[in-house]
Protein chains: 2
Amino acid sequence: MNKYYTITELTREFGVSTRTLRFYEDEGLIQPERRGRTRLFRQADRRLIQEVLRGRRIGFTIAEIREIIQVYKDPPGEEGQLKLLMKRVDEKRADLRQKRKDIEDTLSELDNVEEACLTRLAEIGVST
Amino acid sequence: MNKYYTITELTREFGVSTRTLRFYEDEGLIQPERRGRTRLFRQADRRLIQEVLRGRRIGFTIAEIREIIQVYKDPPGEEGQLKLLMKRVDEKRADLRQKRKDIEDTLSELDNVEEACLTRLAEIGVST
DNA sequence: AACTACTTTTACGTAAAAGTCAATTTTGGC
DNA sequence: GCCAAAATTGACTTTTACGTAAAAGTAGTT
């Protein structure tokens, strides 16, 4: 049936505001259809939004997210462009690997914090 | 000899501006000593800066970074505080695990992008 | 002492990514 | 066909994390 989603359905699903989704449209990240002025979102839009939000959580800027999305829509056809893109992909990857390491380091640091808390609680005489 | 670092030494080492380090001081993340008005940074400050920057790369706000740092300096002594902190630590961890998953998903997506590029290049007749 | 290279403080500026508000439409249900 | 609820638009505001410029202090060198 190729269901349509309303904007508020999606804001509820993803926990973002309508303003945010409209902002993403202004930025060219999604292109919901229109019936009159009302936006109609399809599955494809829904998936794109998921991707945008994932990128956002990781800390990508809108511009970076747009760049990645573009590749799917319209992969560059010229050699120079392709090689440039591959270089950027490579940089991004290095970046993400660093971030993953940062996260792992921080996770084990948080483990330490938790242990310190437990120890302190035991000292005070609280049974956990 | 417990060497001191000047502000510009550290800006060079970490690739940040003097403004950034002074900002971190204003925000209470570091407390370099002073000789007259000039800041003198020690190893401890250096390590703190590393931690701050790691937090920054992950996407923590200054407030969040400060909160984590506080725990080392001055772990809370009261039960309620400790339990609250542990709850926060737990939330942070869930958050980081999500982020790690996001990163892994994005990494494999980037692999796809790269492959698409290679395929396209081969089509054009460029040997890589 | 003058020169050079940093450093400090104060204060205002800025970019990104929305949030907020108010004034219109538009729509779905009866 | 009417009306409350939902959606749209545009303008303005906010927050975070610094940038930037001006004016003056500081330290080592020649």
Side-chain angles (χ1 to χ4, degrees), chain A residues 1 3-42 45-46 48-70 92 95 99 102, chain B residues 1 3-42 45-46 48-70 92 95 99 102:
Chain A
M1 255 279 141
K3 205 217 167 196
Y4 285 122
Y5 299 87
T6 73
I7 196 167
T8 28
E9 274 174 344
L10 294 182
T11 62
R12 281 189 192 120
E13 176 174 0
F14 294 120
V16 298
S17 68
T18 57
R19 183 69 185 82
T20 299
L21 293 184
R22 292 189 200 109
F23 176 68
Y24 290 161
E25 183 181 1
D26 284 349
E27 291 293 318
L29 301 178
I30 50 181
Q31 280 119 341
E33 295 169 32
R34 297 287 182 122
R35 180 167 56 218
R37 296 172 160 218
T38 304
R39 290 164 177 81
L40 300 170
F41 295 80
R42 287 187 179 282
D45 299 306
R46 231 181 117 259
L48 270 177
I49 293 169
Q50 286 181 349
E51 235 193 289
V52 171
L53 295 179
R54 193 177 67 196
R56 186 175 79 162
R57 285 194 299 270
I58 295 177
F60 282 172
T61 67
I62 298 293
E64 289 170 318
I65 295 170
R66 182 169 34 220
E67 206 177 326
I68 295 180
I69 287 177
Q70 289 289 336
K92 245 347 128 223
D95 196 89
K99 235 170 214 169
D102 287 333
Chain B
M1 252 279 142
K3 206 217 168 196
Y4 285 123
Y5 298 87
T6 73
I7 196 167
T8 29
E9 274 174 342
L10 294 183
T11 62
R12 281 186 192 125
E13 177 173 359
F14 293 120
V16 298
S17 69
T18 58
R19 179 72 182 82
T20 299
L21 294 183
R22 291 189 195 111
F23 174 69
Y24 291 161
E25 183 180 1
D26 284 350
E27 291 294 318
L29 301 177
I30 49 179
Q31 279 119 342
E33 296 169 32
R34 297 286 181 124
R35 179 169 56 219
R37 302 175 162 210
T38 304
R39 291 165 177 81
L40 299 171
F41 294 80
R42 285 186 181 283
D45 300 305
R46 236 182 113 257
L48 270 177
I49 292 169
Q50 286 180 349
E51 234 191 291
V52 171
L53 295 180
R54 193 178 66 196
R56 188 176 79 164
R57 285 194 299 270
I58 295 177
F60 284 169
T61 67
I62 297 294
E64 290 171 317
I65 295 170
R66 183 169 35 222
E67 206 177 326
I68 296 180
I69 287 178
Q70 288 289 336
K92 235 8 113 215
D95 195 89
K99 236 171 214 171
D102 288 334

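First the proteins, then the strands, lettered A, B, ... as listed; each starts at 1.
The two atoms that bring A:Glu9 and A:Tyr4 nearest to each other are OE1-O, 4.0 Å, heavy atoms only. Closest heavy-atom contact between B:Lys99 and A:Arg57: CE-O, 3.0 Å.
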Expected rows: protein N/O vs nucleotides 7-9 of chain D N/O, under 3.5 Å:
residue	atom	partner	partner atom	Å
D:dA7	OP1	A:Thr8	OG1	2.7
D:dA7	OP2	A:Thr8	OG1	2.9
D:dT8	OP1	A:Arg39	N	2.6
D:dT8	OP1	A:Arg39	NH1	3.2
D:dT8	OP2	A:Arg22	NE	3.4
D:dT8	OP2	A:Arg22	NH2	3.2
D:dT8	O5'	A:Arg39	NH1	3.2
D:dT9	OP1	A:Arg34	NH1	3.2
D:dT9	OP2	A:Arg39	NH1	3.0
D:dT9	OP2	A:Arg39	NH2	2.6

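For residues 52-65 of chain A, proximity to DNA chain D is found at no residue, defined as any non-hydrogen atom under 4.0 angstrom from a strand atom.
Summary of the strand contacts: B:Gly36 and B:Thr20 both lie near DNA chain D, and taking for each the nucleotide with the nearest heavy atom, the more 5' one is attributed to B:Thr20. Each of B:Asp26 and A:Phe23 was assigned the nucleotide of DNA chain C with the nearest heavy atom; the assignment lying further toward the 5' end belongs to B:Asp26.
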Output a table of donor-acceptor pairs, distance under 3.5 Å, between side-chain atoms of residues 60-69 of chain A and any protein atom two or more places apart or on a different chain; print 'none' if there are none.
residue	atom	partner	partner atom	Å
A:Thr61	OG1	A:Ala63	N	3.4
A:Thr61	OG1	A:Glu64	N	3.1
A:Thr61	OG1	A:Glu64	OE1	3.4
A:Glu64	OE1	A:Thr61	N	2.8
A:Glu64	OE2	A:Lys92	NZ	2.6
A:Arg66	NH1	A:Glu27	O	2.5
A:Arg66	NH1	A:Glu27	OE1	3.3
A:Glu67	OE2	A:Arg88	NE	2.4
A:Glu67	OE2	A:Arg88	NH2	2.6

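Rounded to the nearest 0.5 Å, atoms OH (A:Tyr24) and CG (A:Leu53) are 5.5 Å apart. In this structure, A:Ile49 CD1 and A:Arg56 CZ are separated by 11.0 Å, a value rounded to the nearest 0.5 Å. Considering CD1 of A:Ile30 and CG of A:Leu21, their distance stands at 5.5 Å, rounded to 0.5 Å. To the nearest 0.5 Å, the span separating CD1 on A:Ile7 from CZ on A:Arg22 amounts to 4.5 Å.
By the neighbour-count criterion of 12 heavy atoms within 6.0 Å, atom CZ of A:Arg35 is sparsely surrounded, having that number or fewer from other residues, nucleotides or ligands.
With sequence neighbours excluded, the residues that form a salt bridge (Lys or Arg N to Asp or Glu O under 4.0 Å) with A:Glu33 are A:Arg42. Applying the salt bridge (Lys or Arg N to Asp or Glu O under 4.0 Å) criterion to B:Arg19, with sequence neighbours excluded, gives no partner residue.
Taking a heavy-atom distance under 4.0 Å as the criterion, the stretch of DNA chain C touched by chain A extends 5' to 3' from C:dA17 to C:dG28.
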